[in-house]
Amino acid sequence: MHSLQSIILSELLRKKDNYELLPSLRKLDPSYSKSLMQAPDITGMPNLEFLNLMDCMSLEEVHHSLGYCEKLIELNLTWCSRLEKILGRVKPELKIFMYFSGIRELPSSIIQHKAFLPELDFSSMENKASLARRDRLFRILGGAWAHSLRLQFVIYYFRICHHCCTTSLLQILSLRVLTTSGNIPSWFHHRGIGRIISVNLPKNWYILIPNLLLIFSWYPLLAYGKTPNDYGLLVLCLSGEVKEFGLRFLYKVEQELDALQLIEYMASSSSSASNSQYYTQWKYNVFLSFRGKDTRRNFTSHLYEGLDNRGIFTFLDNKRLENGDSIPQELLKAIKESQVALIIFSKNYATSRWCLNELVKIMECKEKENGETVIPIFYDVDPSHVRNQNESFAVAFAEHELKYKDDVEGMQKVQGWRNALSSAADLKGYDIRDGIESENIHKIVDHISSKLCKTSYYLSSLQDVVGINAHLEKLKSLLQIEINDVRIVGIWGIGGVGKTTIAKAIFDTISYQFKASCFLADVKENANYNQLHSLQNTLLSELLRKKDDYVYNKYDGKCMIQSRLSSKKVLIVLDDIDHVDHLEYLAGDVGWFGNGSRVVVTTRNKHLIEKDDAIYEVSTLPDHEAMQLFNRHAFRKEIPNERFMKFSLEVVNHAKGLPLALKVWGSLLHNKGLTQWTSTVDQIKKNSSLEIVKKLKVSYDGLEHEEQTIFLDIACLLRGKEKKLVMQILESCDFGAEHTLDVLIDKSLVFISKNDKIEMHDLIQDMGRYVVKMQKKSEEQSRLWNVEDFEEVMVNNIHLPSLRKLNLNHSKRLLQTPDFTGMPNLEYLNLCNCSNLEEVHRSLGCSRKLIWLKLYNCECLKRFPCVNVESLRSLDLRYCSSLEKFPGILGRMKPELEIKMRRSGVREIPSSFIQQHACRLTELDLSFMKNLVSLPSNICQLKGLVKLIVSCCPKLESLPEEIGDLENLVTLNAKCTLISRAPSSIIWLNKLKYLSFAYQESKFGVSFVFPEVNGGLCSLESLNLSDCNLLDGGLPEDIGCLSSLKTMYLNRNKFEHLPRSIAQLGALQSLYLSNCMGLKELPSFMGMTNLETLNLSNCNIIDGILPEDIGCLSSLKELNLNSKRLTQLPEFPQQLDTIGADWTNDSICNLLFQNMSSLQHDISASDSLSLRVFTTRGNIPRWFHHRENGRSISVKLPENWYISDDFLGFAVCYSGKLINAEAHLICYDERPVTCITQKLSLSNHSKCPAESAIHFFLVPLAGLWNTSKANGKTPNDYGRIKLFPSGEMKQFGLRLLYKDEPKIEVGFSSSKKQ
């Protein structure tokens, strides 16, 4: 007995001689001893470290020898409800647990060791009414504050604080803070949410000094003769993040103040309103303040680009006039909504009243609570010149003071400017007069990025992850970012311990310190579904900030990563690697990356990390953090009921600190009653296995039958699939899939990924598959997904009567399926991508319960005798290119059966298949069937058929003559076939809306013929006959009878004339005639009143002249005239906004703007000039003399540029997105500078893609010139034109437009040379 190190059995304690001398005993555990009334004398146990008396419900006394046990570390008195006292002294380092104990009073010796006592927890001690009265308290106290018996203790604590808070005028007041867990107690009269506590003080709130314990000391010198009762508002501004707060007036004798009156008065105060005024929702990360003429085109634009490239949302004002006093409201709003203001001080900054007013507003915002951060940048000026207004700043202020010398209010404004400059110059910033501009910008961007990343991390949900900060500190010590080498650090631990969460947190915390960063999630999972080069492309796209397919195999990817990233400082996180290839091909060596780079990998397999690389082993949670995490999921925002505490402790104990288990079990127990808690916790405890996967099974056992079924389907077969597909599969099995999925999500068993796929944690999947494998022992296995298990079934011909789902996709070695006779309940069979499968066993015809059968991309499949369709809802034969014969049909077909045969090798659709479908089939897709020669004649019996697709069947020569019997057909797509004639009965299809015979594979030059309409096809909306080798007569003369036709494609045909009746297509909205090289004459367009799009590009138009009636198309919005022979443009219709032409032809460009000028002939100057914008595709034409890249246009005008009655205006072209603009006509001949300004409202509704579009508009001089503002000058006195757009321009061009273009052009060129 003397050698014992641990004793657990409480019976041993009943005999004194059994425990009198136990010098080696370290742990004594008589917990749960219901009859133990007195803890033993432990004098004979000098090495005792742990004494566990938990749940000794009869215990009334702890022996005083406890004080002499010098090595005791932990004393557990939890649930000792009859124990009211602890006798004797306690050692300083002792950790005591007293959850739910009956202790009423603590001895003074507990407080005496104030400098040593590490932790004392009083949670849920209902009898604790008084405490030892000492002048110091312990660091952490967890107690049920809301209980009325605690009031004496709370008051006593604040009195102690009062005695500690002596201070002087020159000191910051130091206050003790007491921390606990739980909600704000009701004892506090005033409660609210936010960072600011603002409380109206009641009348005569201050009662004689001895009675009130102020939280601050009162200084008469600062009170200007006032008393405390003269002050009516108390405001506490807290710098940290405060979610909730409480406040109460504290008095020695509480009853001296009418509590009811105080509560009513304080309740009337509006703290929430007070808080809201200080709370700012940042819209912009950065606001740039700068002097446009000094830095817009150099430093500011480069700084903006640097910030933008780092994803920092920056406000840059491109419309700055900077020559006025007033600032637009939107600019003031942008300043208020920006988190950081960068002020770029340059030599001419102070000359702009605009800039100075902007600065004043910025400094005002800085001073507010939660105000923005202000960082000055001294571009080409000494900071002292800004601070003291010397040199160029002195000159500028001399002019300002001269302007306002007789204006008192103006002089006050000037002084405000001076104050703002001085204050801003005193702030910490950047003096960049010396050094390289790119390096300075890099430092500034790094600083801003660092500040924003830290802020965003603390605002993110990761800061609330239990224990995350400790993990981050340890990981940072391994990463050693301050050292400029390249390191790979592994995060290793068991599944469910939180490796991914830690990796994401470190990524969010430090990514701002790198030039580029990439978090590559679920490497193992993604590598299984995609090849490694796909992950390499993702990595390169993220780190090079340009999405692209860089490589097409992993070997090229390995070289590409090394060559493109070897000089770049990057942060890479590879989450969940499980194969040596993952690291080898994604981050194979430290030499792949630039100095300072860091690679973090998470894995369960320690051996995948190189020996030289640092490894951070993630341990499970300590007990207190485990309890915290469990409570979050079990009780959410509720106050935990004390009845559940004992069970909570037991669950946490069994979880062994594993976060995933705590989360799953907590979610399982949420909102459950005490009875359900009891049974669930018993199940957890009964599982003797230490494997967490088996312990997690209790969450499966708590599901309803249908929930269990769907959970196992996802775990075994459907994880990682798109939610839409999974829903289709599950709903086909008659489950309430949507509701059940919500239940599984609520119980933390599955989740929906960002790309809308159904996912679950690896351990949860392992648990689900463990359940199914346990079924195997009882010969009830319901699902098969593992190839090795399936091979065992085949070899041993195992009977599987319970098997419902069999997944063998990507089984490369599978040549033939097994006999399915022993699987009578099979519902789901997935054989997708079994690339060597040649035969499906004929016994599949006996599988009457089969619902889903997938043979997608079984390219070698040749024999598939039959299939039972009684329950079948989906049959997928797509890409079965070797399957020439359709399988035989057994059983009666369901009406909702969907059969997919696209790109299969089937030569003929059997008539029996059509007979089985009869009126049930609604869609038949036979596209890309390379062997299909004809359709069965009885296909026309499919009365319910809505969509028939036979496109890209290169051997199909005809459609059945009775095609017109498909009375419900809406879509018929027969493009890319050998069909040369549409059946005459096709005109009977009066529900048909979409018809295509385009891209016919012409045989021996045969041309396509479309039958006479004869009043049929009355619902047809889209007709595509492009590339059909149509000749004259190929289109019916009565084509104008297609009264519903909206879109017609006739591109690349050989006709010379179109039927005249085409002009009667009144509903037509789009007509495409591009590349009809033989077309000699265009039809009349007079009857096409709804035509919106007309494409005549590369048509062989005689003499290059277009019909004049194009101008009568009142609805036309898009016109394509791209033809080398075009010499004239028609009059433009009013709605036209998109036009295509040969813009390399200067005369066409000139014609376009001459046309635009005629549309704007009656324009005159007004407050806002509305101009039409025309859109096209391509680059800025060379016709524009002045071409540049940038965000504004500024062009010096030649001498005598204005010629009366000949000058039409300024032709402008730009690429990018533009909404409105301002035009400035400037005269520099004398001071002050004269400027005529005109706002331009640009209207365009083109649907042309923005990335490929360019836009034209004309600024007529009549709309810009205002004689009343010209000060007696003529247009030729103005020497510069400037345009400031509100949107983002990438490129622009400008040209002066004249009626007599050639002669003026020479003069213009000459002027430029001079």
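Atom set for the values below is all heavy atoms of this structure, side chains included, hydrogens, waters and symmetry mates excluded.
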Can you name the residues that form a ring-ring contact (aromatic ring centres under 6.0 Å, His included) with Phe507, not counting sequence neighbours?
-> Phe519
Write down the atom of [X], the atom of [Y], and the distance for their closest heavy-atom approach.
X      : Y      : result
Ile362 : Ile335 : CG1-CG2, 3.8 Å
Tyr404 : Met411 : O-CG, 3.3 Å
Gly594 : Val486 : O-CG2, 3.3 Å
Ser346 : Val381 : C-CG1, 3.6 Å
Leu359 : Ala424 : CD1-CB, 4.1 Å

Could you tell me which residues satisfy side-chain hydrogen bond (donor to acceptor under 3.5 Å, both in side chains) with [X], sequence neighbours excluded, listed by chain and number?
X      : result
Asn285 : none
Thr314 : none
Ser392 : none
Ser423 : none

By salt bridge (charged side-chain N to carboxylate O under 4.0 Å, His left out), which residues pair with Asp407, not counting sequence neighbours?
-> none
Residues passing the salt bridge (charged side-chain N to carboxylate O under 4.0 Å, His left out) test with Asp382, sequence neighbours excluded, are Arg433
Of all residues at least two apart in sequence or in a different chain, which pass the side-chain contact (heavy atoms from CB on, under 4.5 Å) check with [X]?
X      : value
Asn440 : Ile432
Ser301 : none
Lys547 : Ser541
Asn298 : Thr295, Tyr379

Got a sec: does the CD of Glu482 have more than 12 other heavy atoms crowding it under 6.0 Å?
-> yes
Between Leu565 and Leu544, does a side-chain contact (heavy atoms from CB on, under 4.5 Å) hold up when you go through it step by step?
-> CA-CA 8 Å; Leu565 303 177; Leu544 300 177; 4.0 Å; yes
Arg297 side chain near Ser1194 side chain, heavy-atom distance below 4.5 Å | yes
Quick one: CZ on Arg291 to CD on Glu358, what's the gap to the nearest 0.5 Å?
-> 11.0 Å
Roughly how far, to the nearest 0.5 Å, is NZ of Lys413 from CG of Leu356?
-> 10.5 Å
Within the 6.0 Å centroid threshold, strictly below: His302 and Phe299 = no
Determine whether the aromatic ring centres of Trp1265 and Tyr1278 lie less than 6.0 Å apart.
-> yes
Any chance the side chains of Gln415 and Asn419 put a donor and an acceptor closer than 3.5 Å?
-> yes
Can any side-chain N or O of His400 pair as donor or acceptor with the backbone N or O of Ala350 at less than 3.5 Å?
-> yes
Take Val286 and Phe315, measure what side-chain contact (heavy atoms from CB on, under 4.5 Å) needs, and give me the verdict at the end.
-> CA-CA 6 Å; Val286 174; Phe315 183 89; over 6 Å; no
Carefully, step by step, assess Phe393 and Trp417 under the rule ring pair (Phe, Tyr, Trp, His ring centres under 6.0 Å).
-> CA-CA 11 Å; Phe393 282 72; Trp417 294 341; over 10 Å; no
Would you mind listing every ring-ring contact (aromatic ring centres under 6.0 Å, His included) that reaches into residues 329-348, with sequence neighbours excluded?
-> Phe345-Tyr349, Phe345-Phe378
Dump the intermediate steps for side-chain contact (heavy atoms from CB on, under 4.5 Å) on Arg387 and Asp426, then the final yes or no.
-> CA-CA 7 Å; Arg387 184 181 301 108; Asp426 283 336; 2.7 Å; yes
For the pair Ile344 and Leu303, evaluate side-chain contact (heavy atoms from CB on, under 4.5 Å) and give the outcome as yes or no after the intermediate values.
-> CA-CA 10 Å; Ile344 303 168; Leu303 177 60; 4.1 Å; yes
